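First up is the structure itself, then whatever we jot down about it.
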Amino acid sequence: MLLGKKRKIGRMIEEITAGEKLEVTEKIEDRDLLLYLGLSNDNNPLFIQHDYASMTPFKKPIVPQIMLLAIVTGAISKYLPGPGSSIKKNEVTYDNPVYHYETVHFQFEVIEVSREAHEVIIHVAGTNEAGDSVLEGKFTVCPPYPVKSLTQTTSFDNF
């Protein structure tokens, strides 16, 4: 926990332009899968049981789609626009499965900036190691607002 430490806020809407891009690459490891399965209490055998998965069209365990979504939303929160931003809406399709130990590459692009609505629209495309699409989506994001100073409070003006 970072009590007493100031964290840098992400980019304000005035600093963001359409056409900006970001790339994120993530390798899916056992610890990531086990953390997700433990936190979510998701016991879908398709995600972890090799014997079950081998009898499905997938042939082996797949990565939960919500984990891919978490990587995307994490990148939005960390980088574009960054800390202080909030996702208002998302539309995502999962085109192909991601298997354990694969590396996934995500490309983000700001496709629209609306200062009036205080939101940006970000297109995201995810591919696996073979270059096959695994995720495609559009995210409506509210960038951080300017932080008001704590020393210039007006809470006691009426006293």
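On a predicted model such as this, the values are computed, not experimentally measured, just so you know.
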Q: Count the heavy atoms of every other residue, nucleotide or ligand shown that sit under 6.0 Å from OH of Y79, and state whether that count exceeds 12.
A: no
(Q) Under a plain distance cut-off of 3.5 Å, with no hydrogens placed, do H123 and E136 share a side-chain donor-acceptor pair? (A) yes
Less than 4.5 Å apart, any side-chain heavy atom of [X] and any of [Y]?
X: P143; Y: M12; answer: no
X: H105; Y: E23; answer: yes
X: V104; Y: V134; answer: yes
X: R11; Y: L80; answer: yes
X: L22; Y: F106; answer: no
X: T103; Y: T25; answer: yes

Which atom of [X] lies closest to which atom of [Y], heavy atoms considered:
X: I13; Y: S114; value: CD1-O, 3.4 Å
X: F47; Y: P61; value: O-CB, 3.7 Å
X: Y99; Y: F58; value: OH-O, 3.1 Å
X: P81; Y: V141; value: CD-CG1, 3.7 Å
X: E29; Y: Y101; value: OE1-CD2, 4.4 Å
X: I28; Y: V63; value: CG2-CG2, 3.6 Å

Would [X] end up clustered with [Y] when hydrophobic side chains under 4.5 Å apart are linked, directly or stepwise?
X: M67; Y: L35; answer: no
X: I9; Y: I87; answer: no
X: I66; Y: I76; answer: yes

Any chance you could measure [X], atom [atom1], to [Y], atom [atom2], to the nearest 0.5 Å?
X: D95; Y: D132; atom1: CG; atom2: CG; result: 9.5 Å
X: I71; Y: L135; atom1: CD1; atom2: CG; result: 9.5 Å
X: E20; Y: E15; atom1: CD; atom2: CD; result: 9.5 Å
X: I48; Y: D42; atom1: CD1; atom2: CG; result: 10.5 Å

Q: Check which hydrophobic residues are tied to I121 through side-chain heavy-atom contacts below 4.5 Å, counting indirect links as well, and list them.
A: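 For the cluster that includes I121, the remaining residues are I111.
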Q.
By the salt bridge (Lys or Arg N to Asp or Glu O under 4.0 Å) test, which pairs, at least two apart or in different chains, include something from residues 49-65?
A.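 Sorted result for residues 49-65: empty, none.
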**Q.** Qualifying salt bridge (Lys or Arg N to Asp or Glu O under 4.0 Å) pairs, either residue in residues 99-125, two or more places apart
**A.** K88-E119
